[in-house]
S.K.: 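The structure follows.
Quick note on labels: first sequence line is chain A, next is B, and so on, each numbered from 1. Below, all heavy atoms of this structure are taken into account, side chains as well, without hydrogens, waters or symmetry copies. Keep in mind the model is a prediction, meaning the values are calculated, not measured.
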Number of protein chains: 2
Amino acid sequence: MKLSTKGKYGVRALFEIARNYGKGPLAIKEIAERQQISLSYLEQILHRLGKAGIIESVRGPHGGYELARKPVELTIGDVVRALEGPIALSHCLEPGATTDGCYQAEDCVARMVWSKVGEKIEEALDSITFEQLLRQYHGKDREHPAHRKKLVAAGKGAC
Amino acid sequence: MKLSTKGKYGVRALFEIARNYGKGPLAIKEIAERQQISLSYLEQILHRLGKAGIIESVRGPHGGYELARKPVELTIGDVVRALEGPIALSHCLEPGATTDGCYQAEDCVARMVWSKVGEKIEEALDSITFEQLLRQYHGKDREHPAHRKKLVAAGKGAC
DNA sequence: AAAATACTTGACAGATTTAGTCAGGTTTGT
DNA sequence: ACAAACCTGACTAAATCTGTCAAGTATTTT
């Protein structure tokens, strides 16, 4: 019951992009530095987010990534689904899965349990928009990059 | 965002034990057969559930496992926590974890997000008791073991 | 007391997934 | 033309998951 780093990094990266909303594209190199994520790895993540229609890329000098929709229309759920696949606690709940493989197909108690829990998880994830996150952040400016760099050098990570 | 087989098998095994509630201990061999779980693997799982105080074992002939508490006091959350560890979407939320390693300690937006989602997940898991599962099952007797065996032999699995 | 039944424990190994790197390539603004 | 910046896919090391195996210990029946 853990999240992979893809999901966590994804939210952090997207948070940076969201902070830049309305100010043009943000370069991947900039995101990588601010959030201390390996640039190559971040490329993978952003590519997935692009395919999912969450961000758009602008190529060429001064290019970068920007949100494809307004922060209020973007939820944590969108990001997690894009990066970790559909939330299907049991494989028989994946979209497109049939009950063919299940020997107790009709009224499988287990399936009902995982299905119900999955719905609640989606609800929780979808109830948090990036607009809310930005608002929580409003005013409180983060540590200065140089200060952060010092902390990271001292072995500090991030959530 | 998947569940490991430990969690899924655990719930299924426990469901069998719960079905036998009040009728004395249920042998592990019986559980393994009914739910088509490898006996050796099931031993591991039941041992963890025992250490977590969810089931109690009775040794000797006619021994087996039985619920340590009433089905109404046993939730899916108890089982998942026992088998998959505490539900901490981010490692900085694990019990006993400090914020020492986090360079944005004070108001880490990411942590707030995962903490809130984690709470909702726990809520969902804890809202389902085995008593409810048993009631849903009431009356509908499962396929006959022999029939099930045939289905399993034909390559059918379970949720 | 012996045998049968059943639980206990820990080591181990193969398969899968994750996390991250690398080496190219392509697009576009100046 | 050049450089900044994104695009793509292959690759690998490490971790985790899934399950097996073997050698116990405990309890009850006979």
Side-chain angles (χ1 to χ4, degrees), chain A residues 1-13 16-17 20 24-52 54-68 80 83-86 88-91 94 157-158, chain B residues 1-13 16-17 20 24-33 35-52 54-66 68 80 83-85 88-91 157-158:
Chain A
M1 221 51 175
K2 285 257 181 336
L3 223 57
S4 75
T5 58
K6 271 210 177 69
K8 288 190 280 186
Y9 287 176
V11 167
R12 281 163 52 199
E16 289 297 334
I17 299 175
N20 212 50
L26 184 62
I28 188 173
K29 202 178 155 196
E30 187 63 29
I31 303 171
E33 264 173 27
R34 288 196 200 164
Q35 288 289 339
Q36 294 295 317
I37 303 172
S38 136
L39 197 136
S40 316
Y41 195 32
L42 187 55
E43 280 179 346
Q44 259 185 53
I45 294 171
L46 293 186
H47 181 236
R48 286 204 199 195
L49 293 175
K51 270 205 305 191
I54 291 174
I55 54 178
E56 270 162 10
S57 60
V58 177
R59 301 177 101 154
H62 303 297
Y65 289 94
E66 54 194 350
L67 250 48
V80 171
L83 295 175
E84 317 229 342
L89 261 29
S90 189
H91 69 90
E94 276 164 25
Chain B
M1 219 52 173
K2 287 254 181 335
L3 223 56
S4 76
T5 57
K6 271 211 177 71
K8 288 190 281 188
Y9 287 175
V11 168
R12 281 162 53 201
E16 289 298 334
I17 299 175
N20 211 52
L26 184 61
I28 187 170
K29 201 177 156 195
E30 187 64 28
I31 303 171
E33 263 173 26
Q35 288 288 339
Q36 295 295 316
I37 302 172
S38 136
L39 197 133
S40 315
Y41 195 31
L42 188 55
E43 281 178 347
Q44 262 184 50
I45 294 170
L46 294 187
H47 181 235
R48 286 202 198 196
L49 293 175
K51 270 205 305 190
I54 290 173
I55 54 178
E56 269 162 9
S57 59
V58 177
R59 303 176 103 150
H62 305 296
Y65 287 95
E66 55 194 351
V80 171
L83 294 175
E84 318 227 344
L89 261 30
S90 190
H91 70 91

S.K.: For B/Gln35 and B/Ala32, indicate whether the former's side chain and the latter's backbone hold a donor-acceptor pair under 3.5 Å.
M.R.: no
S.K.: Taking atom NZ of B/Lys8 and atom NE2 of A/His91, what is their separation to the nearest 0.5 Å?
M.R.: 5.5 Å
S.K.: Categorize B/Gly64 for me: base, sugar-phosphate, or nothing, with a 4.0 angstrom heavy-atom threshold over every strand shown.
M.R.: sugar-phosphate
S.K.: Treat primed atoms plus P, OP1 and OP2 as sugar-phosphate and everything else as base, then score nucleotides 8-21 of chain D 5' to 3': B for base contact with protein heavy atoms under 4.0 Å, S for sugar-phosphate contact only, - for none.
M.R.: B---------BBBB
S.K.: How many angstroms lie between atom CG of A/Leu3 and atom CG of B/Leu89, to the nearest 0.5 angstrom?
M.R.: 5.0 Å
S.K.: Please assess A/Gln44 against A/Lys6 for the test side chain to side chain contact (heavy atoms under 4.5 Å, CB included), listing each intermediate value before the final yes or no.
M.R.: CA-CA 9 Å; A/Gln44 259 185 53; A/Lys6 271 210 177 69; 3.7 Å; yes
S.K.: When rounded to the nearest 0.5 angstrom, what distance separates CD1 in B/Ile37 from CZ in B/Arg12?
M.R.: 5.0 Å
S.K.: Please report, rounded to the nearest Å, how far the P atom of C/dA6 is from the CD atom of B/Glu56.
M.R.: 19 Å
S.K.: Just the rounded figure in Å: distance from P of C/dA19 to NE2 of B/His91.
M.R.: 12 Å
S.K.: Check the distance between C/dC7's P and B/Lys51's NZ and give it to me in whole angstrom.
M.R.: 17 Å
S.K.: Once hydrogens and angles are ignored, does a donor-acceptor distance under 3.5 Å link the base of D/dT25 to the side chain of B/Arg59?
M.R.: yes
S.K.: Taking atom C1' of D/dC6 as reference, at what distance in whole Å does atom CD1 of A/Ile17 sit?
M.R.: 12 Å
S.K.: Given that B/Pro61 and A/His62 both sit by DNA chain C, which one's nearest nucleotide is further toward the 5' end?
M.R.: B/Pro61
S.K.: Quickly work out the A/Leu49 CG to D/dC7 C1' distance and round it to whole Å.
M.R.: 15 Å
S.K.: Using a cut-off of 4.0 Å on non-hydrogen atoms, how would the nucleic acid contact of B/Ile28 be classed: base, sugar-phosphate, or nothing?
M.R.: sugar-phosphate
S.K.: Is there a side chain to side chain contact (heavy atoms under 4.5 Å, CB included) between B/Tyr9 and B/Leu42 once you walk through the steps?
M.R.: CA-CA 8 Å; B/Tyr9 287 175; B/Leu42 188 55; 5.6 Å; no
S.K.: Report the distance from atom CD1 of A/Ile55 to atom C1' of D/dA5, rounded to the nearest whole Å.
M.R.: 14 Å
